[in-house]
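Chain letters run A, B, ... following the sequence lines, proteins first, then strands; residues in each count from 1. These numbers were taken from a predicted model, which means no experiment stands behind them.
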Protein chains: 2
Amino acid sequence: MNSDFSLAVHSLTFLSLQLDQMATSHAIAESASVHPVRIRKILGLLRKQGFIVTKEGCGGGFILQKSPADIKLNEIYKITSEGALVPKCPPPNSECVVGANMKQAITSIFGDAENQLESFLSDYSIKDVASLVTHEPIEVAEALTGE
Amino acid sequence: MNSDFSLAVHSLTFLSLQLDQMATSHAIAESASVHPVRIRKILGLLRKQGFIVTKEGCGGGFILQKSPADIKLNEIYKITSEGALVPKCPPPNSECVVGANMKQAITSIFGDAENQLESFLSDYSIKDVASLVTHEPIEVAEALTGE
DNA sequence: AGGAACTATAATAAATATTATTACAGTTAA
DNA sequence: TTAACTGTAATAATATTTATTATAGTTCCT
């Protein structure tokens, strides 16, 4: 998988630790060791989905719009990377049953697998990631074991 | 994900439909619309794990060593693609808590996600894929719903 | 009003990953 | 002993990802 998902999570986590003021693409890009244009591109997607608010011009930047606990990783995955799980396949080959139908079989199996992945990711929020990152006690394990 | 997993599954499915005779890398490659050297490289991995047997020389090729129902997709995933699920991350940046620990956080979450994916894939065998591909009635749905 | 500090976005270039091809050594059957 | 194979390394071509450059627009400040 490419790093769009990681960068989206990174940016949101960064913003979650700075809820009171805007962060520039430059600051986030520096934190992620990546080019600011890329951050702006990815945050543009998150803005369109209402996760953050953008302000242009001097003193502008990005700020969270939702509570970190309410931003679940499955939502971010959907926005940045949906379909990334399904392996590439060579183009169908109608000369052979296997070649003709393999892509469809793989796509079908991994479509289900991706649904399951998304369900798994829905147990994690940006708040959880922020906790992981700042080494605070984690509440995710409980969520997963149903406690 | 690259196509190694798909090609491994493709090759094994091909072999499962031709249990009585060896198939050449040329024949499999043609079915998958891919270069024979690539098939030999991937099948080399499967041979080392005992899934198939290889014969060199004239009249040689590849033949299944295990029953199609006993080859589970999680095993193939492990061999060809383990780790492919975890998204790329920019290199850690020690200047920033988020940058310093994001890679580790992502890796940890997706390590668990990958375990879950492998467990999901363990419900599918090469026999199931062969059924999908040849449009025979599928037994997988039952396995998944626990019937 | 004008400049500095921002975002938005498109276009291009560079870097990286994937895949194909070539080459050659070794094996086996006929 | 030759044709038909696998095994594997090295190189080339292609595709994908990422960085960079460029330009236009917005906002704050003086």
*List for me each residue that meets side-chain hydrogen bond (donor to acceptor under 3.5 Å, both in side chains) alongside T54(A), sequence neighbours excluded, and say none if there are none.*
none
*S3(A) and R38(A): side chain donor to acceptor below 3.5 Å*: yes
*To the nearest Å, give me how far apart CD1 (I63(B)) and P (dC5(D)) are.*
15 Å
_Nucleotide dG7(D), atom P - distance to CG of L46(B) in whole Å_ = 11 Å
_Which residues pass the side chain to side chain contact (heavy atoms under 4.5 Å, CB included) test with T24(B), not counting sequence neighbours?_
H26(B), A27(B)
*asked:* What range of DNA chain C does chain A touch, first nucleotide to last, counting atoms under 4.0 Å from its heavy atoms?
replied: dA4(C) to dT19(C)
*Are S131(B) and D128(B) close enough that a side-chain donor and a side-chain acceptor fall under 3.5 Å?*
no
_With nearest nucleotide decided by heavy atoms, which residue, H26(A) or L7(B), maps closer to the 5′ end of DNA chain C?_
H26(A)
*Figure out the CD/P separation between E56(A) and dG25(D), and round it to whole Å.*
11 Å
Review item, nucleotides 8-15 of chain D N/O atoms under 3.5 Å of protein N/O:
none

*M1(A) CE to dT18(D) C1': how many Å, rounded?*
17 Å
*Which atom pair, heavy atoms only, marks the closest approach of S31(A) to N93(B)?*
O-ND2, 3.4 Å
*Which residues satisfy the salt bridge (Lys or Arg N to Asp or Glu O under 4.0 Å) test with R40(B), sequence neighbours excluded?*
none
*For Q116(A), what residues pass the side chain to side chain contact (heavy atoms under 4.5 Å, CB included) criterion, not counting sequence neighbours?*
Q116(B), F120(B)
Report all interatomic pairs (protein N or O, nucleotide N or O of nucleotides 28-30 of chain D) with separations under 3.5 Å.
unit_1  : atom_1 : unit_2 : atom_2 : d
dC28(D) : OP1    : K55(A) : NZ     : 3.2

_Set of residues satisfying side chain to side chain contact (heavy atoms under 4.5 Å, CB included) with respect to I63(B), sequence neighbours excluded_ = M22(B), V53(B)
*Taking all heavy atoms of V133(B) and all of N101(A), pick out the closest pair and write down the distance.*
O-ND2, 2.8 Å
Would you tabulate the side-chain donor-acceptor contacts of residues 80-92 of chain A under 3.5 Å, counting partners in other chains and residues two or more places apart, or write 'none'?
unit_1 : atom_1 : unit_2 : atom_2 : d
T80(A) : OG1    : I76(A) : O      : 3.0
E82(A) : OE2    : K78(A) : NZ     : 3.4

*Would you jot down, in residue-number order, the residues of residues 89-96 of chain A having a non-hydrogen atom under 4.0 Å from DNA chain D?*
none
_Partners passing side-chain hydrogen bond (donor to acceptor under 3.5 Å, both in side chains) against S6(B) (at least two apart in sequence or in another chain)_ = none
*Could you check T24(B) against P36(A) and say which one's nearest nucleotide on DNA chain D is further toward the 5' end?*
T24(B)
*ring pair (Phe, Tyr, Trp, His ring centres under 6.0 Å) contacts in which one or both residues fall within residues 68-112 of chain A, not counting sequence neighbours*: F110(A)-F5(B)
